[in-house]
Amino acid sequence: MHCVDFRTAMSARVDGEELPPEVSGPALDAHLRECAGCRHWGERARLLKLLSAGLGNGTGI
């Protein structure tokens, strides 16, 4: 399995969706413990989600 597969799963997790069938939650967590690049990618994805949630509700960024 490649990082792109885990990043697809992280995107689903950040969005509150089900993980793709080929990536289990424990497998994703194990990969994140070992892969600094994917951990960083996930942190940026969560931050983007947080920032975009504040758009349009009068709170600004």
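Values in this document were obtained by computation on a predicted structure and should not be read as measured data.
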All heavy atoms of C38 vs all of R7, minimum pair found to be SG-NE, 3.3 Å
What heavy-atom pair brings R39 and R33 nearest, and what distance separates the two atoms? NH1-O, 3.1 Å
May I ask whether L32 and M1 are part of the same hydrophobic cluster, defined by side-chain heavy atoms of I, L, V, M, F, W, Y residues being less than 4.5 angstrom apart, directly or through others? yes
Quick check for you: to the nearest 0.5 Å, what is the distance between W41 atom CH2 and C35 atom SG? 11.5 Å
Any non-hydrogen side-chain atom of [X] less than 4.5 Å from a side-chain atom of [Y]?
| X | Y | value |
| --- | --- | --- |
| R13 | V23 | no |
| F6 | P20 | no |
| L47 | R44 | no |

For the CD atom on E18, are there more than 12 heavy atoms of other groups (residues, nucleotides or ligands in this structure) within a distance under 6.0 Å? no
Single hit among T8, V14, D15 for side-chain contact (heavy atoms from CB on, under 4.5 Å) with S11: D15
